[in-house]
Visitor: 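Take a look at the following structure, please.
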Protein chains: 2
Amino acid sequence: MAHSDTVDRILDAAEALFAERGFSETSLRMITSKANVNLAAVNYHFGSKNALIQAVFSRFLSPFSKSLEVELKRISDKHGDQPLSLEALLGVVTTCIVKVPSQSKTGVSAFMRLLGLAYTQSQGHLRKYLEEEYSSAFKLFMKHMRDATPQLSAVDRFWRIQFMLGTTAFTMSSSEALSDILENELQVRTSTEEIVQRLVPFLAAGLQAPLPK
Amino acid sequence: MAHSDTVDRILDAAEALFAERGFSETSLRMITSKANVNLAAVNYHFGSKNALIQAVFSRFLSPFSKSLEVELKRISDKHGDQPLSLEALLGVVTTCIVKVPSQSKTGVSAFMRLLGLAYTQSQGHLRKYLEEEYSSAFKLFMKHMRDATPQLSAVDRFWRIQFMLGTTAFTMSSSEALSDILENELQVRTSTEEIVQRLVPFLAAGLQAPLPK
DNA sequence: AAACATTCCAAACATATGTTTTAAACATAC
DNA sequence: GTATGTTTAAAACATATGTTTGGAATGTTT
């Protein structure tokens with residue numbers, strides 16, 4: 001078989017464990033024993049642990065960036081030269097985020113947590129890999145972002161976009177822990193979808209906040 | 001000497017390396033060789049690596065939480081039963097953040113990055129320690145936060161505060177890298193103080209964003 | 001059926017890590 | 001000056017990690 005069952009079992013186990021514990025804190029032995037495969041299988045199929053990490057990312061990031069590019073082009077075609085509103089733009093992104101993982105086995109929560117880790121737990125090789133692989137989708141998103149916030153100067157826009165990405169990455173990377181805390185305090189459970197829904201207005205308002213002098 | 005030079009040198013080196021690379025990715029040997037002390041000194045003075053991590057945190061978190069409590073009480077006394085405005089409250093926090101590290105050798109950026117790591121790289125022992133040690137300052141801040149955002153439900157407020165903390169920790173933790181990128185792109189240099197000034201309106205607007213249904 | 005390629009497995013390997021041990025150097029008090 | 005407790009130094013220890021290896025099992029092709 002070109003894609004042995006083993007490969008998928010490893011990817012599933014790795015994805016879950018990485019999301020749960022981070023990269024350095026997850027050993028190959030944890031992964032292979034959760035996947036019920038031999039330890040050597042990882043190096044046989046992927047070559048190295050770093051390559052496995054990248055494979056885990058591309059499995060969910062590729063469909064996502066694909067879907068994002070398609071969706072953005074579709075909507076902006078429909079709108080002609082009218083630029084997308086900020087809300088619409090963020091809406092597209094969140095739609096793609098929520099849609100994609102359900103196609104694979106990954107939950108949205110693991111998906112987002114991995115994204116957060118990629119940002120935070122700065123593994124040099126990962127950052128490099130992601131930049132090379134997904135720069136086109138990212139640039140397209142940034143172009144729409146420019147059009148959606150014409151009132152901002154380039155510098156202002158730069159910082160606010162960083163704030164936005166930071167909020168998202170950070171919240172998602174600790175979303176589970178935060179949900180636990182909240183449940184403990186107020187006996188309310190918040191799903192990842194709901195967190196995203198809460199996040200969007202916060203971000204939109206922040207991006208459009210009146211400028212300081 | 002009660003507080004040998006060695007102890008401080010270890011703390012300085014550990015602080016810098018933790019901020020730069022994270023906890024698991026920083027070995028005791030890196031720390032001791034950067035600090036120019038013997039490997040065994042860490043276990044002698046602190047007992048374990050985990051204890052060292054906690055010591056690094058308390059060195060900068062204790063003065064900060066102290067200063068925050070004092071400052072909050074001072075200002076709220078001055079205002080009588082009038083609740084602090086959101087802007088004023090955030091102002092107090094940022095003032096304390098910017099003020100405290102300059103007393104020690106820590107830069108604001110390392111200070112914030114460590115906070116971010118504490119959140120993200122959730123080492124069980126650290127979370128527990130921080131909760132026990134600094135719950136009083138945190139609870140005081142949350143009380144004022146409640147008063148400053150009466151329009152929010154408890155759940156809404158919880159999440160928006162998390163968004164706010166996330167944005168701050170994340171931005172500050174990568175502020176240096178981001179400044180570099182911006183300078184490269186637009187030939188503009190942004191100081192940490194300016195970043196904070198840009199952050200506050202973003203956060204205030206996000207916190208007060210209209211609620212989704 | 002034989003030849004070949006691929007996949008799997010148990011064990012070994014080299015290295016890095018946190019921690020402990022042993023002894024020497026040092027300071028301080030009696 | 002000796003004794004006592006403290007700090008440093010170098011080495012050893014036990015363990016965990018990523019990776020490699022040689023061969024067995026399995027599948028595919030001729």
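Residue numbers start from 1 in every chain, and the chains themselves are labelled A, B, ... in the order their sequence lines are given, proteins ahead of strands.
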Visitor: Please give, in whole Å, the distance from C:dT7 P to A:Arg9 CZ?
Guide: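 Rounded to whole Å, this separation is 15 Å.
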Visitor: Please round to 10 degrees the angle between the axis of the first five pairs and the axis of the last five pairs in the helix from C:dA1-D:dT30 to C:dC30-D:dG1.
Guide: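 Both end axes considered, the difference amounts to 0°.
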Visitor: For the residue pair A:Ser24 / B:Ser24, report whether a side-chain donor-acceptor contact shorter than 3.5 Å exists.
Guide: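 No donor-acceptor contact under 3.5 Å links the two side chains.
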Visitor: In Å, rounded to the nearest 0.5 Å, how long is the span from CG of B:Leu61 to CG of B:Leu114?
Guide: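 Spacing of CG (B:Leu61) from CG (B:Leu114) equals 9.5 Å.
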Visitor: Identify the two heavy atoms, one from B:Cys96 and one from B:Leu68, that lie closest to each other, and give their separation to 0.1 Å.
Guide: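 That closest heavy-atom pairing would be SG-CA, 3.7 Å.
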Visitor: Provide the full list of ring pair (Phe, Tyr, Trp, His ring centres under 6.0 Å) pairs with a residue in residues 173-194 of chain B, sequence neighbours left out, each pair given once.
Guide: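 Of all non-adjacent pairs touching residues 173-194 of chain B, none passes ring pair (Phe, Tyr, Trp, His ring centres under 6.0 Å).
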Visitor: Considering just the side-chain nitrogens and oxygens of A:Thr6, establish if one lies under 4.0 Å of OP1 or OP2 belonging to C:dT7.
Guide: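 Answer no for this pair, as no side-chain N or O of A:Thr6 is under 4.0 Å from OP1 or OP2.
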Visitor: Side-chain N or O of B:His45 versus OP1/OP2 of D:dT8: is the shortest distance under 4.0 Å?
Guide: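 Checking D:dT8 against B:His45, a side-chain N or O does come within under 4.0 Å of OP1 or OP2.
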Visitor: Round to the nearest Å and state the distance from A:Phe46 atom CZ to C:dC8 atom C1'.
Guide: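 Distance check: A:Phe46 CZ to C:dC8 C1' gives 15 Å.
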Visitor: For the residue pair A:Ser136 and A:Glu69, confirm or rule out a side-chain donor-acceptor distance under 3.5 Å.
Guide: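 There is such a pair (donor and acceptor under 3.5 Å, judged by atom type) between the side chains of A:Ser136 and A:Glu69.
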Visitor: For nucleotides 11-22 of chain C, read 5' to 3', which letter fits each nucleotide if B means a protein heavy atom sits under 4.0 Å from the base, S means only the sugar-phosphate is that close, and - means neither?
Guide: ------BBBBB-
Visitor: Applying ring-ring contact (aromatic ring centres under 6.0 Å, His included), name anything that partners A:Phe64, two or more places apart in sequence or on another chain.
Guide: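 Counting only residues at least two positions away or on another chain, A:Phe64 forms a ring-ring contact (aromatic ring centres under 6.0 Å, His included) with A:Phe111.
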Visitor: Would you please name every residue forming a side chain to side chain contact (heavy atoms under 4.5 Å, CB included) with B:Arg74, sequence neighbours left out?
Guide: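 Result, side chain to side chain contact (heavy atoms under 4.5 Å, CB included) vs B:Arg74: B:Glu71.
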Visitor: Pairs in or reaching into residues 28-49 of chain A: which pass ring pair (Phe, Tyr, Trp, His ring centres under 6.0 Å), with residues at least two apart or in two chains?
Guide: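 As it turns out, there is no ring pair (Phe, Tyr, Trp, His ring centres under 6.0 Å) pair with a partner in residues 28-49 of chain A once direct neighbours are skipped.
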